[in-house]
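Shown next, in structure tokens, is the structure this report addresses.
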Amino acid sequence: MTNLPLKFNKIVKFLTVFGGLLFSAAAFAEYRLNFQDPVTQTARDIFSLHMLIFWICVAIFVLVFGVMFYSIFKHRKSKNYEPAQFSHSTKVEVVWTIIPFIILVAMAIPATQVLIKMEDTTKSDLTIKITGYQWKWGYEYLDSGIDFYSTLATPREQIDQFDTERAVPQGENYLLEVDKHLVVPSGRKVRALITANDVIHAWWIPAFGTKKDAIPGYINELWFNVDEGKEGIYRGQCAELCGKDHAFMPIVVEVVTGEQFEQWVAAGGSFENVENLATETEPPVETNETALIEKLVPAANAAETEPETEATSSVTYTMEDLMATGEKVSATCVACHGAEGKGIPGVFPAIAGSAMAKGPVEDHINIVMYGKPGTAMQAFAAQLSDEEIAAIVTYQRNAYGNDTGDVVLPSDIQAKRK
Amino acid sequence: MSHAATAHDDHHDHDHHMPTGFKRWFMSTNHKDIGTLYLIFSLTMLFIGGAMALVIRAELFQPGLQFVDPHFFNQMTTMHALIMVFGAVMPGFVGFANWMIPLMVGAPDMALPRMNNWSFWILPFAFSILLLSFFVPGGAPAAGWTLYAPLTIQGGMSVDMGIVAIHMMGISSIMGAINVIVTVLNMRAPGMTLMKMPMFVWTWLITAFLLIAVMPVFAGAVTMLLTDRHFGTAFFNPAGGGDPVLYQHIFWFFGHPEVYIMILPAFGIISHIIPTFARKPLFGYSSMVFATAAIAFLSFIVWAHHMFTVGMPLQGELFFMYATMLISVPTGVKVFNWVTTMWRGSMTFETPMLYAIGVVFLFTLGGLSGLMLAITPADFQYHDTYFVVAHFHYVLFSGAVMAMMGGAFYWLPKWTGHMYNETLGKIHFWLTAIFFNITFFPQHFLGLAGMPRRYADYPLQFTEFNQWSSIGAFGLGISQLLFVYIIVATVRGGKKATKEVWDNPEGLEWTVPSPAPFHTFDEPPVVK
Amino acid sequence: MASHTQDQYFVPDSSVYPFLCSIALFCIAMGGASYLNGYSWGPNLMTAGLLAMAVMLFIWFRTVILESPDYNMDVDKSFRMGMAWFIFSEVMFFAAFFGALYYIRMLAIPWLADTEILWPGFEATWPSAGPLGAELLAKGTPDTTAIAEGTKYSLVDPWHLPLYNTLILLASSVTLTIAHHALRANNRKQLIIWLAITVALGVWFLFLQAEEYIEAYNHLGLTLGTGVYGSTFFMLTGFHGFHVTLGAFILFVVLLRCMRGHFTPERHFVFEAGAWYWHFVDTVWVGLFIFVYVL
Ligand code: HEA
Ligand code: HEA
Ligand code: CUA
Ligand SMILES: [Cu+2]
């Protein structure tokens, strides 16, 4: 905390070191007692401020209850202590009103300084728009146009432990892994514009010292600047109740050097050609899901590799292809509508036997592409490709006992865009 | 106040029979019976809400989903809090108010006895609606007790049931509060000036004012939710020019005073117990009164400290930070006064005193973590984590609920005419205090290390402390069975209590026999 | 059982009304919630609850009226205080809606206009139906990028019906005060005339308000769903109108009681309670007129 009065700095440093020792004692090895290690100046400022306030509180606590327990041990009837009868003293009342007030002023000064620094979002090097969805995060690099969604990658089998027989042991980054990382450079001021699509979420990376609500219709700002030399993976979680899967929309940020970041941007958001990634960095988790999509959706890879399928429209899709893809891709939908398409009555309608999934195709495609305002059913047109939407709709119309026999082609979806 | 006898029509007979059965319990106009009903209701709700807490803790014992799915988990969190706040704590204190305020100010009953009964009877029906919402499609409300839009806009029928139930609770609270204010201002015995009133009466007077000021605001907020859900209004819908954050502002304008509604009467109870067992008058009576009033005043201008992360302008954040921090000053005055009341007293440590000391100690701990939360930049880290959960259980459970337990032991002999079993009482205190700390102390660490609240499942590094917490919660729950046992046993029998019960306690309630007769103060007592 | 435990205090008999009223309230609330969610029995339950409540309150108040000769001045004072605090709670209820209006208008709309990535072209003006406005919302239009250049609605002209309504309500407060003076002077005839005029003015107000609503819905395109302007406009004026209805009803009952010769120049709590309520409703209207219509 550079611009704190000198004395504060010293006190804070001492206390932080002392506190750090206390809290990282070996006995507490697997019990984390305090903030995650900060990797930005902001997070360090917050940490010092937190420790400063903490120790002041401890001091007050010890003092007040030191007096109380002294009294409890000394002034008891069993020791035949005769009660005094005094009952007021304006002098002490004034004293113990003023002293706490002074202590509060002493706390408010550094707090104000840190806050003013945090709220200064000017002079940023890079802007990312972050959008919260039920239940995933959308990232858009406003400077380079790269955009993608980031979804929980922990397999369902690790989470559902209802049936101990089928349960799988949880991995190291259980609930803290996503399919696509947010990639940012170290040593640069990254400004984030945060909003949401449906309900309020909050984007939080503890190690960066940033937390901001993502509010539908409004844009919040935050910034962080990760220290050079602290490249690596940082994990956070959604911090505002956003419905059923609030606990299942983590945030993973991969911090790389500025150079690597530029290469990453140049490659259109791919690490393929990026060199010298820090040892801690790891490739984003590839879920079965993404892998399967690439295999099953011809257009996804085919367009580049095989010359004869240049245009999407010339690919032939069989019902089987679409159904298989649909089953995989509709993992997005399953979050609400349930694995067996039964939904949750009264909250999320069933797809199985749904009038919409068995009625006119048009309506079905519409609701998937454009959602239904004011409900949790969001617009998927921007999130999913034509192939995916076609596959999902086909799947929903034929799975779960809906058996309409309808096949929806990506070209149908393409036609509806715009 | 003029108590000069006015003309008295003599067509009323003067028998003092106590009604029985339906007439006594459903049609009562007697403050003691209504108080008893409130207290029983509150205890019942504590158990229902507690059972839900145990579901939460069972699910959080290990990472992964073992017992309930996340949607049901959210219902548990929401309903646990709604039931505890509106079903256990608030009615509990109204029960104390009903029983004690007329006794303490020397009135024969509450000022508006029939309305008093109505205030009570609305509650069981309101909570029936709330609990019935488990059985409608989609289950109970699941958006947290704060019912934030737009998540509540998405919910099913249960949200509407929750809203109408809240309207009913609001009607009940407002009527209850009006009754308290009118009783205190209009029914005091001759000679009892405002500055001679017992502290509990003072704290309730101010609490009642807070209730009347903020319950309608809450009603307004949920009404807007209702019309947004069903009548096409756009208060919280940005597409129509509204703002989801508007809901939060209105809610917390209610919500923050609400937390003091839940703690001020507790302060009142503590201010009675400590002097009795320190055998020394309450230190700094008038500064206690002013501190209470100051807390109430400040509580109206700090609400946005629950919303530091919504992206307020800097000036707003600073204002709410400073205002929030200021509340520590009057609260500190109270703590210091209690400690000074003990200072050079001649203390004994019967169960109520143990509770009082426990409350002062643990509440202050929770208050200090509240002060940490008030520091805006640091709150960005604490907000919506278990650090907050730890904070408010320290002030709510070890503040409000334990104060009620202490108060119950303190006045139980007056209510029932029997002494409770002192040994069991002490055991109950120690079990509660110890298990409480096992449950909630580790949650501070969980929060600091980054565990968000309202999570049905969590990453592996939070496992150990969650296990501590869950074990503590079950211990805490089971310990409360002892509480019920002690109460039932005391109602049914035990050593006869004297009029004064304790060693020379202060207050009019100790001048009437134990149990307090059905009608007290046939003649207004004179206070010197 | 007798109510007086001693000379100074009045404690009423046990009474079943509160319990029955609670059941009625339960039916209203539960019926209402079911109604909103499409259960066919909802409206029936709600109507039954409302009827039961009306009957219960009628009986309850009747009992109180019959008892009132027994009340001493302390009871009277308790009632007065109770009414005053009840009105305070109503003030706070309206405060929530006025606060919402202030917040939306002064803060939220400008912020929305600042977020250009989300709502290109939306400008902060008041009144505003928001970036998408009511029509688009109602249609659930899929194309969220299509920004309405302000949906088609017009405002109620404050200098016509609302102005008349302001004058009517202000006048009614005056006539009510005249009636009160007449009551104090024990001038029955004057009392009844002026009170009747007051009630008539209240009804006239409601009539004009209804006309204004019909006009707004049918010709101005201004509805409850016209974005946030429609929301604040109708909720504030609507709740006010509801309170006027209630106030007029109370005064009407008071009028009937006056005609029956109730109340004395010294003791007329209900009259005063009704009058306070009426003045409160009047004051709220002045606030509405300024903040909702004129500014
Ligand atoms: C009884 C209930 C109660 C009480 C009394 C308090 C008391 C206080 N609370 Fe708490 N609070 C809650 C119930 C309560 N709170 C609840 C339920 C929530 C969460 C709601 C939700 O989100 O669901 C919450 C959340 C909450 C937050 C929001 C956290 C977040 O979500 O990010 C904040 C932030 O400022 C806060 C602050 C405070 C402060 C400063 C006090 C102060 O009043 C405390 C004052 C007391 C002391 C400071 C101790 C004694 C004083 C001394 C010994 C004097 C010397 C001290 C000094 C000079 C420092 N509280
Ligand atoms: C006065 C209020 C009050 C009280 C008394 C309590 C009491 C308890 N609370 Fe409460 N709690 C809140 C108010 C309160 N809480 C609020 C406002 C929230 C926020 C909700 C939200 O986020 O929206 C919350 C949230 C909350 C959470 C966080 C949930 C989440 O974020 O998802 C947790 C988790 O541990 C918890 C636990 C407990 C426990 C273990 C108790 C215990 O103290 C309860 C102890 C009592 C019993 C358990 C009695 C019951 C006894 C039995 C049923 C018999 C038991 C029998 C056997 C075990 C055989 N509470
Ligand atoms: Cu998104 Cu919680
Ligand atoms: Cu608060």
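In what follows, chains are A, B, ... by sequence order, proteins preceding strands, each numbered from 1. Note that this is a predicted model, so its numbers are computed, not measured. Quick note: numbers below take in every heavy atom, side chains included, and nothing from hydrogens, waters or symmetry partners.
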Output the option from A:Arg76, A:Gln36, A:Gln85, A:Glu172 having the highest count of non-hydrogen pairs under 4.5 Å with chain B. A:Arg76
Please state whether the side chain, the backbone, both or neither of B:Thr385 comes within less than 4.5 Å of a heavy atom of chain A. side chain
CD (B:Glu506) with more than 12 external heavy atoms under 6.0 Å: no
Residues A:Phe65, B:Val360; criterion side chain to side chain contact (heavy atoms under 4.5 Å, CB included); working and verdict: CA-CA 9 Å; A:Phe65 291 102; B:Val360 174; 4.0 Å; yes
Might you work through the ring pair (Phe, Tyr, Trp, His ring centres under 6.0 Å) test for A:Phe69 and B:Phe361, ending with a clear yes or no? CA-CA 10 Å; A:Phe69 282 111; B:Phe361 186 78; 5.7 Å; yes
If you look at every heavy atom in A:Ile53 and B:Met372, which pair is closest and at what distance? CG2-CG, 3.9 Å
Does A:Lys77 come within less than 4.0 Å of B:Asp503, counting only side-chain N to carboxylate O? yes
Heavy-atom contact with chain A under 4.5 Å, split by part of B:Phe72: neither
Output the distance between atom CD (B:Gln154) and atom CE (A:Met377), rounded to the nearest 0.5 Å. 12.0 Å
B:His383 versus chain A, the contacting section by heavy-atom distance below 4.5 Å: both
Identify which of B:Leu460, B:Asp457, B:Val68 forms the greatest number of heavy-atom pairs closer than 4.5 Å to chain A. B:Asp457
For the residue pair B:Pro238 and A:Tyr218, what are the closest heavy atoms and their distance? CB-CE1, 3.9 Å
CD1 of A:Ile215 to CD of B:Gln248, rounded to nearest 0.5 Å, is 6.5 Å
Counting heavy-atom pairs under 4.5 Å to chain B, which of A:His50, A:Met118, A:Lys79 comes out on top? A:His50
When heavy-atom pairs shorter than 4.5 Å are enumerated against chain B, which of A:Gly343, A:Pro206, A:Ser78 gives the highest number? A:Pro206
B:Phe73 six-ring centre to A:Lys244 NZ/CZ under 6.0 Å and within 45° of normal: no
Need one label for B:Leu446: side chain, backbone, both or neither, based on atoms under 4.5 Å from any heavy atom in chain A. neither
With heavy-atom distances below 4.5 Å as the criterion, would you say the side chains of B:Pro459 and A:Gln237 are in contact? yes
Pick one of side chain, backbone, both or neither for A:Ile72, based on which atoms fall under 4.5 Å of a heavy atom in chain B. both
Of the non-hydrogen atoms in B:Gly138 and A:Val347, which two are nearest, and what is the gap between them? CA-CG2, 3.3 Å
Considering only heavy atoms and a distance below 4.5 Å, find which of B:Ala142, B:Pro452, B:Gly139, B:Gly332 pairs most often with chain A. B:Pro452
Using non-hydrogen atoms and a 4.5 Å limit, figure out which bit of B:Phe67 sits close to chain A: side chain, backbone, both or neither. backbone
Can you tell which part of A:Ala108 gets under 4.5 Å to a heavy atom of chain B, answering side chain, backbone, both or neither? both
Which pairs would a plain distance check flag for residues 306-330 of chain B, meaning a side-chain donor or acceptor within less than 3.5 Å of a matching protein atom at least two apart in sequence or in another chain?
unit_1	atom_1	unit_2	atom_2	d
B:Thr309	OG1	A:Asp213	OD1	3.0
B:Thr309	OG1	A:Asp213	OD2	3.4
B:Tyr322	OH	A:Thr112	OG1	2.7
B:Thr324	OG1	B:His305	ND1	2.9
B:Thr324	OG1	B:Phe320	O	2.5
B:Ser328	OG	B:Met325	O	3.0

Proximal component of A:Ile159, with respect to chain B [non-hydrogen, under 4.5 Å]: both
Heavy-atom contact with chain A under 4.5 Å, split by part of B:Ala291: neither
Would B:Arg344 and A:Tyr81 count as a side chain to side chain contact (heavy atoms under 4.5 Å, CB included) here? Give the steps. CA-CA 8 Å; B:Arg344 295 182 48 209; A:Tyr81 195 91; 3.2 Å; yes
Top contributor to chain B interface from A:Phe162, A:Phe348, A:Tyr70, A:Phe101 [non-hydrogen pairs under 4.5 Å]: A:Phe162
Chain A: which of B:Thr341, B:Asp379, B:Ile357, B:Val136 shares the most heavy-atom pairs with it under 4.5 Å? B:Ile357
Among the options B:Pro150, B:Gly156, B:Gly155, pick out the one with the most heavy-atom pairs lying under 4.5 Å from chain A. B:Pro150
Check against side chain to side chain contact (heavy atoms under 4.5 Å, CB included), A:Leu241 and B:Tyr148: CA-CA 9 Å; A:Leu241 180 59; B:Tyr148 277 7; over 6 Å; no
Would you name the heavy atoms of A:Asp245 and B:Pro70 that are closest together and state the gap between them? OD1-CG, 4.2 Å
Counting heavy-atom pairs under 4.5 angstrom with chain A, the leader among B:Arg279, B:Gln66, B:Gln381, B:Arg454 is B:Gln381
Side chain, backbone, both or neither: which part of A:Cys238 has a non-hydrogen atom closer than 4.5 Å to chain B? both
Are A:Gln161 and B:Gln62 linked by a side-chain donor-acceptor pair shorter than 3.5 Å? no
Toward chain B, the part of A:Val105 with a non-hydrogen atom under 4.5 Å: neither
Where on A:Thr42 is there a heavy atom nearer than 4.5 Å to chain B: the side chain, the backbone, both, or neither? neither
Identify the heavy atoms of A:Ile46 and B:Ala378 that sit nearest to each other, and give their distance. CG2-CA, 3.9 Å
Nearest non-hydrogen partners of B:Phe336 and A:Val64, listed with the distance: CE2-CG2, 3.6 Å
I'd like to verify something: which residue of A:Ile344, A:Asn220, A:Asn80, A:Thr90 has the highest number of heavy-atom pairs under 4.5 Å with chain B? A:Asn220
Is there a donor-acceptor pair closer than 3.5 Å between any side-chain N or O of B:Ser287 and the backbone N or O of A:Glu93? no
Could you walk me through whether A:His88 and B:Leu282 satisfy the side chain to side chain contact (heavy atoms under 4.5 Å, CB included) test, starting with their C-alpha distance in whole Å, then the side-chain angles of each, then the deciding distance to 0.1 Å, before giving a yes or no? CA-CA 8 Å; A:His88 52 265; B:Leu282 181 67; over 6 Å; no
Top contributor to chain B contacts, counting heavy-atom pairs under 4.5 Å, from A:Gly209, A:Ala43, A:Gly236, A:Ala214: A:Gly209
Honestly, the part of A:Leu115 sitting under 4.5 Å from a heavy atom of chain B is both
Backbone of B:Gly64 reached by a side-chain donor or acceptor of A:Tyr174 within 3.5 Å: yes
Measure A:Gln170 against the heavy atoms of chain B and call it side chain, backbone, both or neither at under 4.5 Å. both
Engaged part of B:Arg229 at the chain A interface, taking heavy atoms whose separation is under 4.5 Å: neither
Measure distances from B:Asn74 to the heavy atoms of chain A and classify the residue's part below 4.5 Å as side chain, backbone, both or neither. side chain
With sequence neighbours excluded, tell me which residues meet ring pair (Phe, Tyr, Trp, His ring centres under 6.0 Å) with B:Trp145. B:Phe251
Among B:Tyr382, B:Phe349, B:Tyr455, B:Tyr458, who wins on heavy-atom pairs under 4.5 Å with chain A? B:Tyr455
B:Leu151 portion near chain A, given a 4.5 angstrom heavy-atom threshold: both
At a heavy-atom separation under 4.5 Å, does B:Ala278 approach chain A through its side chain, its backbone, both, or neither? backbone
